[in-house]
Amino acid sequence: MSQPWDKILLYENRSVSACIEATFDFLRQNRRVWFCSAFALFLPWSLLLGLSAFMLPDDSPSSDLMVFDQLFCWQEDYRFFFSVVVFVGVWMAFVHVYSLLTSYHEHENSIDGFTQRQMMPIYARMSVRTFWLAALAFNCVLVLFISTSFLSLLSLVILIPLSLLPSVFLFERESIVGSFVKAFRLGFRAWFQLFLTLVLMMLFGFFMTMVIGLPSSLFGTALGLLTSTGEPEGLLTGFFSYLLMALSYFAFFLVVSMTLMAAAYQYGTVSERVDDTSVESDIQHFEQL
């Protein structure tokens, strides 16, 4: 007999802390399918990006094998290639989150027992629908980091409401233009709440990355100090650097995934507060009956 479980509603008026709590409740309820999906979607790109440990710029600090400052620091010749791979990983984060969320809210029973074979058609469908969303998010973040102080501030003001765009487009089946209009309309109504949710999730992600990577970094530093410069030891240190870099990228994609999920539940909060979406959905369901 299956264990009883409380379905986490998407459309519910929540505080910032309740949105974050709903995110972690979802991860806890569906931890098996969530981790299996993460390994299937993120691991190939993380392993490929691990090669960047051997392609750092000459002026990059590498004596202590700390990779946090080196995560997006590549030699000029390989910058385009690794940028494309990072984009694919971010795209897979969109596929990861919205495949699980749509499956979860379309099924009355838990999806934690879903196999990857069952999820594959959902991944394929969601890959098509989320490609332009991932490309837009990736380029907007690039603009945010390379622009001047004023333009960065302006970009930030615009990007916070745009965090609702994927949920509006995928859950409400709006047109692209209609999704932009509704995302801005809802986003500016709850700008500070959205900003606080995203910042808290990114801080948690940074802490999680530190917890995952710091022991490995310290072990790698000790390994580099204790071993000589002989060939076997050099190979061991290089292999460890590769694994550490791959693990750090995997953690980064997990952070992106959790942040997108928190934004989705924040969308449900704002949509319920402003438009009473759950009431309208119940009325439409009753009319269909």
Side-chain angles (χ1 to χ4, degrees), residues 34-100 116 119 123 126-127 130-146 201-221 223-224 234-261:
W34 188 76
F35 276 115
C36 289
S37 299
F39 276 108
L41 295 172
F42 300 152
L43 190 59
W45 315 111
S46 301
L47 293 176
L48 191 57
L49 286 165
L51 296 173
S52 64
F54 308 111
M55 302 171 188
L56 299 173
D58 295 333
D59 57 349
S60 176
S62 58
S63 59
D64 57 357
L65 296 180
M66 294 292 288
V67 297
F68 307 111
D69 293 334
Q70 304 171 352
L71 207 57
F72 304 103
C73 187
W74 311 302
Q75 291 181 12
E76 186 69 30
D77 294 341
Y78 304 102
R79 189 166 299 169
F80 176 78
F81 171 76
F82 285 121
S83 297
V84 171
V85 179
V86 169
F87 163 71
V88 175
V90 171
W91 178 22
M92 291 301 103
F94 277 81
V95 174
H96 183 223
V97 169
Y98 288 100
S99 294
L100 294 177
Q116 289 306 295
M119 294 298 298
Y123 294 156
M126 204 56 65
S127 295
T130 59
F131 178 80
W132 73 272
L133 292 165
L136 177 66
F138 187 79
N139 285 283
C140 286
V141 172
L142 285 180
V143 171
L144 180 64
F145 281 102
I146 66 176
M201 288 303 299
M202 286 187 285
L203 287 176
F204 170 80
F206 176 77
F207 175 76
M208 184 187 75
T209 305
M210 290 289 294
V211 169
I212 291 174
L214 188 56
S216 299
S217 298
L218 293 176
F219 181 76
T221 302
L223 182 65
L235 288 174
L236 180 62
T237 304
F239 181 69
F240 189 85
S241 299
Y242 165 77
L243 290 180
L244 177 57
M245 187 69 78
L247 180 63
S248 299
Y249 276 109
F250 186 79
F252 166 73
F253 292 136
L254 287 180
V255 170
V256 174
S257 176
M258 289 187 292
T259 304
L260 289 172
M261 188 168 293

Discussion item. Any non-hydrogen side-chain atom of V256 less than 4.5 Å from a side-chain atom of L260?
Written reply: yes
Discussion item. Any side-chain to backbone donor/acceptor pair from H96 onto V90? Under 3.5 Å, distance only.
Written reply: no
Fill in: Counterpart residues, side chain to side chain contact (heavy atoms under 4.5 Å, CB included), relative to Y123 (two or more places apart)
S37, L41, V95, S99, Q116, M119, M120
Worksheet item: How are the rings of F42 and F253 set to each other: parallel, tilted or perpendicular (split at 30° and 60°)?
Response: tilted
Discussion item. Return the OH to OG distance between Y98 and S257, rounded to the nearest 0.5 Å.
Written reply: 10.0 Å
Worksheet item: Looking at side-chain heavy atoms only, is the closest gap between W91 and S127 below 4.5 Å?
Response: yes
Discussion item. I'd like to check L48 versus F81 (side-chain heavy atoms, cut-off strictly below 4.5 Å). Are they in contact?
Written reply: yes
Worksheet item: Which distance, rounded to the nearest 0.5 Å, do you find between the OG1 of T259 and the CG of L203?
Response: 10.0 Å
Worksheet item: So, does Y242 use its side chain to make a donor-acceptor pair with the main chain of L47 at under 3.5 Å?
Response: yes
Worksheet item: Is the ring centre of F131 less than 6.0 Å from the ring centre of F94?
Response: no
Discussion item. Would you say that more than 12 heavy atoms from the other residues, nucleotides or ligands in this model lie under 6.0 Å from the CH2 of W45, or not?
Written reply: no
Practice prompt. Would you check if M245 and L49 make a side-chain contact, meaning some heavy-atom pair closer than 4.5 Å?
Written response: no
Discussion item. Once side chain to side chain donor-acceptor pair (under 3.5 Å) is applied, what residue pairs with a partner in residues 131-144 remain, sequence neighbours excluded?
Written reply: none
